[in-house]
**Student:** 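Okay, handing you the structure first.
Below, all heavy atoms of this structure are taken into account, side chains as well, without hydrogens, waters or symmetry copies. Counting from 1, the numbers follow the sequence of the chain as shown. If you're wondering where the values come from, they're calculated on a predicted model, not measured in any experiment.
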Amino acid sequence: WGSAIHQMVLVGVDSVPIVGLISLFIGMVLGLQGAYQLEKFGASYFVSALVGVSMTRELGPLITAIIVAGRSGSAFAAEIGTMKVSEEIDALEVMGLNSVKYLVVPKYLAMLIMMPCLTLVSDISGIVGGGIFEMAQLDQTFPMLASATRDALLMRDIWTGLIKSLVFGLIITKVGCYEGFSVRGGAEGVGKATTSSVVVSIFLIIFADVLFTALFYYTS
């Protein structure tokens, strides 16, 4: 658990600033693009609803997963790959330690706990970003934004995003650790594994997102 807490800090706490900042900008972009279309119909009031639903159901978990894949998934592959080529993993086995339990399980625990938390940070930051744009450009007040967002959001929207984030976290950890344990050929192999972990993780994240979105759409 001590190692898991350390991984939670690396994966979760240290990722909060970048996840929050990028999501804030994404929320502003969503607000701007939504207003561009909705103002034509005199429906600028619904921009906050668009931002809220889009962030919680789709963009919050997706943006968070891509950031974590690039930041932490690559770190998992590099860490384990470096240990593999320097024979530290063999040394752990000789000492009687299970390398999977010692290296991989704390990362899984950290991801399962921190990914939903980061997704909530992303959701809130995106909604705040959209609200800042709306208050600055659409002359909407904070009570109006809060009311529109509350009316549009359902608990189902939030849970959908959190369930996605758990699966995305498992994918990132699985791919990163697998690539790390598969390293061959010294430092060059570590670099290839790190790159491969990011590319494969992002591909699988988007593929899983398509499946989940289709599932939730047809079962709603």
Side-chain angles (χ1 to χ4, degrees), residues 12 15-71 111-172 201-220:
S15 298
V16 168
I18 186 67
V19 169
L21 188 60
I22 290 178
S23 298
L24 184 76
F25 293 153
I26 292 292
M28 291 181 178
V29 171
L30 271 178
L32 193 153
Q33 297 288 5
Y36 176 74
Q37 292 296 326
L38 292 175
E39 276 187 315
K40 298 177 182 179
F41 306 98
S44 57
Y45 174 79
F46 295 103
V47 172
S48 55
L50 171 68
V51 173
V53 174
S54 299
M55 288 301 303
T56 53
R57 288 184 69 94
E58 188 64 37
L59 289 177
L62 187 61
I63 292 297
T64 301
I66 291 174
I67 294 171
V68 173
R71 189 180 180 281
M111 279 290 188
L112 287 173
I113 293 173
M114 298 311 299
M115 279 296 290
C117 297
L118 287 174
T119 299
L120 288 175
V121 170
S122 178
D123 293 345
I124 294 170
S125 298
I127 292 171
V128 169
I132 291 173
F133 166 78
E134 292 166 62
M135 287 188 289
Q137 296 296 322
L138 303 181
D139 296 326
Q140 294 191 16
T141 63
F142 179 78
M144 290 173 62
L145 297 175
S147 176
T149 303
R150 184 179 64 249
D151 293 341
L153 280 181
L154 303 174
M155 282 303 299
R156 178 185 178 86
D157 299 326
I158 299 172
W159 283 113
T160 296
L162 295 181
I163 291 171
K164 285 183 180 181
S165 71
L166 289 173
V167 176
F168 295 163
L170 293 176
I171 290 173
I172 294 167
S201 293
I202 292 176
F203 172 79
L204 292 178
I205 285 166
I206 295 175
F207 180 70
D209 187 45
V210 172
L211 296 180
F212 271 103
T213 301
L215 176 65
F216 291 134
Y217 175 79
Y218 287 111
T219 58
S220 60

**Student:** Which residues pass the ring-ring contact (aromatic ring centres under 6.0 Å, His included) test with Phe212, not counting sequence neighbours?
**Tutor:** Phe216

**Student:** Please report the interatomic distance CD1(Ile202) to CD1(Ile171), rounded to the nearest 0.5 Å.
**Tutor:** 12.0 Å

**Student:** Kindly say whether Leu162 contributes a backbone atom to a donor-acceptor pair with the side chain of Ser165 at under 3.5 angstrom?
**Tutor:** yes

**Student:** If I compare all heavy atoms of Gly60 with all of Asp123, which pair ends up nearest, and what's the gap?
**Tutor:** CA-OD1, 3.4 Å

**Student:** So do Leu62 and Ile205 actually touch side chain to side chain, heavy atoms under 4.5 Å?
**Tutor:** yes

**Student:** Can you list everything that forms a side-chain hydrogen bond (donor to acceptor under 3.5 Å, both in side chains) with Ser147? Sequence neighbours excluded, please.
**Tutor:** none

**Student:** Any side-chain heavy atom of Met115 sitting closer than 4.5 Å to one from Thr64?
**Tutor:** yes

**Student:** What distance do Gln137 atom CD and Ile132 atom CD1 have between them, rounded to the nearest 0.5 Å?
**Tutor:** 12.0 Å

**Student:** Taking all atoms of both residues into account, what is the closest heavy-atom pair of Ile127 and Gly52, and its distance?
**Tutor:** CG1-CA, 3.9 Å

**Student:** Output yes when a side-chain donor or acceptor of Glu134 lies under 3.5 Å from a complementary backbone atom of Leu145, and no otherwise.
**Tutor:** no

**Student:** If I compare all heavy atoms of Phe168 with all of Pro61, which pair ends up nearest, and what's the gap?
**Tutor:** CD1-O, 3.7 Å

**Student:** Would you compute the distance between atom CE of Met55 and atom CG of Leu153 and round it to the nearest 0.5 angstrom?
**Tutor:** 11.0 Å

**Student:** Ala49 and Ala148: which non-hydrogen atoms are nearest, and at how many Å?
**Tutor:** CB-O, 4.3 Å

**Student:** Picking from Ile18, Ile63, Leu118, what satisfies side chain to side chain contact (heavy atoms under 4.5 Å, CB included) with Val68?
**Tutor:** Leu118

**Student:** So, taking the atom named CD1 in Ile172 and the one named CD1 in Ile67, what distance separates them when rounded to the nearest 0.5 Å?
**Tutor:** 10.5 Å

**Student:** Could you list the donor-acceptor pairs under 3.5 angstrom formed by side chains in residues 23-34, with sequence neighbours left out?
**Tutor:**
residue: Ser23; atom: OG; partner: Val19; partner atom: O; Å: 2.8
residue: Ser23; atom: OG; partner: Ser122; partner atom: OG; Å: 2.6

**Student:** Rounded to the nearest 0.5 Å, what separation is found between the CE atom of Met111 and the CG atom of Leu170?
**Tutor:** 9.5 Å

**Student:** Does any part of the side chain of Val128, heavy atoms only, come nearer than 4.5 Å to the side chain of Ile124, both counted from C-beta?
**Tutor:** yes

**Student:** Identify the heavy atoms of Pro116 and Leu166 that sit nearest to each other, and give their distance.
**Tutor:** CG-CD2, 3.5 Å

**Student:** State, with a plain yes or no, whether a side-chain heavy atom of Arg57 is found less than 4.5 Å away from one of Thr213.
**Tutor:** no

**Student:** Hey, does Thr149 have a side-chain heavy atom less than 4.5 Å from the side chain of Val51?
**Tutor:** no

